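Since this is a predicted model, take the numbers as computed values, not measurements. Indexing begins at 1, ligand by ligand and atom by atom, following the structure's order. What you see below is based on every heavy atom in this structure, not just the backbone, and it leaves out hydrogens, waters and symmetry mates.
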Amino acid sequence: MGTRTEGLLGKLICVLLSCLMVMAAASSRATIMGKVSNTKFHHHSERLRRNLLANGLGKSPPMGWNSWNHFWCDINEDIVKAAADALVSSGLSKLGYEYVNIDDCWGEQVRDENGNLQAKNATFPSGIKALADYVHSKGLKLGMYSSAGYYTCSKQMPGSLGYEEQDAKTFASWGVDYLKYDNCYTDGSKPMDRYPIMTRALMKAGRPIYYSLCEWGDMHPALWGFQVGNSWRTTGDITDTFESVMSRADANEVYADYARPGGWNDPDMLEVGNGGMTKDEYIIHFSLWAISKAPLLLGCDVRNLTKDTMDIIGNKEVIAINQDPLGVQAKKVRTDVEIWTAPLSGYRFAVLIVNRDQWPANVTTHLEDFGIPPKTSVTARDLWEHKTLETPLAGNLSANLDPHTCKMYLLQPIS
Ligand code: GLA
């Protein structure tokens, strides 16, 4: 009897233990599954949010012209129309320069009686809709400017804070294709709270509008901007000096990992052609912006382009690096003589060697430093000389550079 009871008790304990083990296994599986599905969910939801923003714009960095770096507030509709004409007649539009972007100072100081933004009558008498129609008739796109504050940065017109939906609708009704959104005269709230209000307003406005965030890199917009806009400024305002160009390129490089098709780091607009630098320095400026997948927004007077300026901004091979579908921003792989590289589609590589010093530099660098496997030989195309080097490279790449000059190559593995 005692043995039977013990036997029964033993069996019962066994059953209980098995039950407990099964329950424990099930619960830990549930925890693991929970984690997995949570991760999946987050991943998925991120993609969804991204897709919601993904207005189909900015698959490659935007190209065009903006009024600010040359004209500042001194703009009017004739200048904007002439800029559009010039992009077409110079052949630049065929190379991809499609946006004609009006910066600050286009509007009246006050809104109309319905609270709408209004074009400044003295300088834009035909209104923005007419200007958009004109720009569209040339096969180009129109960009506008506002601020996530009570005024724009010039303080000469109202900003969009508190009027996001109304202004987004106004822009859409005018046929606007691009909005640069500045960060002046705010209510003190964080850009990551303020900028998405305009994202949502634009989404509801019924027209795809490229959204360019301009909070100057203050709150590291590379970390959150991809859910909010198509590009984000990573720096304060550029000026027409070599030092300014280099410092903006450096600050922008820090965020290289965050750039991708649909969302780009923006080290500010181009100064090429504005007269403050040598041709070689402008070549460095343009090459850095191209390899960094920066927006290529011309900031000069495109109505009066010199041959030197055209040679630079019209360099198809360098533009192709910027517009490459892989969309990977270059990083510095060496800093004594600076070497910037980026992988490109088709197993190719872009390499930019910059001598930012005041004395000549000889540099020999290993292809392995660019992520090219050992023993690979590559053809090297010099993108400013427009020549392919006669002998394919194996192992090393050497260059001699005068002060403030650069060399830019497209490397293509052949064996
Ligand atoms: C800010 C921006 C500039 C320009 C001006 C206009 O400074 O960063 O790019 O738009 O405002 O006032």
Taking atom 9 (O) of ligand 1 as the point of reference, which of Gln156, Met269, Lys180 owns the nearest heavy atom?
Lys180
Which residue supplies the protein heavy atom nearest to [atom], what is that atom called, and how far is it?
atom: atom 7 (O) of ligand 1; answer: Asp237 OD2, 2.7 Å
atom: atom 12 (O) of ligand 1; answer: Asp104 OD2, 2.7 Å
atom: atom 2 (C) of ligand 1; answer: Asp182 OD2, 3.1 Å

Using a strict cut-off of 4.0 Å, indicate which atoms of ligand 1 neighbour a heavy atom of [X].
X: Trp216; answer: 2 (C), 8 (O)
X: Ser154; answer: 12 (O)
X: Tyr145; answer: 6 (C), 10 (O), 11 (O), 12 (O)
X: Asp103; answer: 4 (C), 6 (C), 10 (O)
X: Arg233; answer: 8 (O), 9 (O)

Can [X] and [Y] be counted as an ion pair, charged N to O under 4.0 angstrom?
X: Lys120; Y: Glu108; answer: no
X: Asp324; Y: Lys293; answer: no
X: Asp104; Y: Lys155; answer: no

Going by the angle between their ring planes, with limits at 30° and 60°, are Tyr181 and Tyr195 parallel, tilted or perpendicular?
perpendicular
Check whether any heavy atom of Thr152 sits under 4.0 Å from an atom of ligand 1.
no
Side chain proximity check, Asn116 to Arg111, heavy atoms < 4.5 angstrom
no
What do you reckon, are the aromatic ring centroids of Trp174 and Trp106 less than 6.0 Å apart?
yes
Can you check whether Tyr185 and Tyr150 have ring centres sitting under 6.0 Å from each other?
no
Return a table of donor-acceptor pairs under 3.5 angstrom between the side chains of residues 367-378 and protein atoms on other chains or two or more places apart.
from   : atom 1 : to     : atom 2 : distance (Å)
Asp369 : OD2    : Thr365 : OG1    : 3.4
Thr376 : OG1    : Pro373 : O      : 2.5
Ser377 : OG     : Ser415 : OG     : 2.8

Just heavy atoms, cut-off under 4.0 Å: does Cys73 contact ligand 1 by side chain, backbone, both, or neither?
neither
